[in-house]
Amino acid sequence: MERELKINTADSFKEKLWIGIPVVLLVSLLTVLIYNHYTEFSWNGFVEGFNEEFLVFFAIGVFAQLVDGTLGMGYGATSTSFLLAYGVPPVVSSTAVHVSEMFTTGASALSHHRFGNINKKLTKHLLIPGVLGSITGAYLLSDVINGDVIKPFIAVYMIILAVVIIRKALKKTIVKKKTKRLGALAVFGGFMDSVGGGGWGPIVTSTLLGRGRNPRYTIGSVNAAEFAISFASGITFMLFGGIHGWQVIIGLILGGVISAPLAAYLVNKIKRKPMMVAVGILIILLSLKTLSKLL
């Protein structure tokens, strides 16, 4: 009886950690941001920031999080495609997406935990390799790679991601296979997510779903791991590139946090294939628009 009580206590503590760690990290991050950047804000600036552009970024945040939370992919690809098409520079776009994702993926992870959508073993396998890949990619984009030079390549990369999403949606039969090299998959997904402003979901989620894994637990687990990946890349962007585009960041955060619980609830309620095709086509159109401006 005493042993059983100890086991239950340990399990209860572990359960609390799944909620406590994201909450503590988010509160700490918010405190640091307010402390370090409070001079950049004033009441007049705050009021003036709530203009038409802010509403655009807010709407992008809502839509991107609904896509990501229900499909397990697409937040970075969707929001980056919209931001680039709207004229936001790549470094500002990628920084804004990843700083906002630190909050939106935290809200998403908590929501998926609340609805029982997380396979903890899978999440643990993805965490550390994904974090290492995301830190490397964020450092290169912040301190080594010229954002203007790679802008057309990012747009092409987004088109490739969109094709991957559509291809997975149109696949009729999926034979369940054992997923090998989870670590390598997570490193590549984290790296491409940081450099391209998106890709963790389309690369990792689509691969796992393509191997026949349960959609509910795959989406919940990949979303939970994405919190750590986004947190790592966001901190790296802050350290090496600074933070730019507060209006974009706040708009994306508010939109994403508000829609995260709804997305987690809808994960088993919507028809995935038609939505995946629609999102893929939308990303292709936005990326083509970005390319047309550059060529």
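Since we're looking at a predicted model, the values are computed, not measured. Count residues from 1 along the sequence. Both backbone and side-chain heavy atoms feed into the values below; hydrogens, waters and symmetry mates do not.
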Please check this pair: side chain of Ser233 against backbone of Ala138, looking for a donor-acceptor N/O pair closer than 3.5 Å.
no
Nearest heavy-atom neighbours spanning Glu53 and Tyr86:
CG-OH, 3.3 Å
Could you check whether any side-chain heavy atom of Leu110 comes within less than 4.5 Å of a side-chain heavy atom of His113, counting everything from C-beta outward?
no
Quick one: closest heavy-atom pair of Leu126 and Ala225, and the distance?
CB-CB, 4.0 Å
Joint hydrophobic cluster, Val67 plus Val62, side-chain heavy atoms closer than 4.5 Å:
yes
Side chain proximity check, Leu182 to Leu208, heavy atoms < 4.5 angstrom
yes
Decide yes or no on side chain to side chain contact (heavy atoms under 4.5 Å, CB included) for Asn223 and Asn117, but give the supporting numbers first.
CA-CA 10 Å; Asn223 265 264; Asn117 298 339; over 6 Å; no
Exam field: side chain Thr78 to backbone Ala64, donor-acceptor pair closer than 3.5 Å:
no
May I ask you to check whether over 12 heavy atoms, not counting those of Ile128, lie within 6.0 Å of atom CD1?
no
Looking only at heavy atoms, the pair that brings Gln65 and Gly256 closest together is CG-O, 3.2 Å
According to a 4.5 Å side-chain heavy-atom criterion applied to Ile, Leu, Val, Met, Phe, Trp and Tyr, with indirect links allowed, do Val204 and Tyr217 form part of one hydrophobic cluster?
no
Is there a side-chain contact between Ile258 and Phe58 in this structure, where contact means two heavy atoms from C-beta onward sitting under 4.5 Å apart?
yes
Measuring only between side-chain heavy atoms, which start at C-beta, is Glu101 closer than 4.5 Å to Ile229?
no
Aromatic rings Tyr265 and Phe115: how do their planes relate, parallel, tilted or perpendicular, breaks at 30° and 60°?
tilted
Is the shortest side-chain heavy-atom distance between Leu83 and Ile60 below 4.5 Å?
yes
Would you name the heavy atoms of Ser93 and Thr80 that are closest together and state the gap between them?
OG-CG2, 3.8 Å
side-chain contact (heavy atoms from CB on, under 4.5 Å) against Ile281, all qualifying residues, sequence neighbours excluded
Ile166, Val277, Leu285
Of all heavy-atom pairs between Ala232 and Val131, which one has the smallest distance, and what is that distance?
CB-CG1, 3.6 Å
Closest heavy-atom pair and its distance - Ser100, Tyr75
OG-OH, 3.1 Å
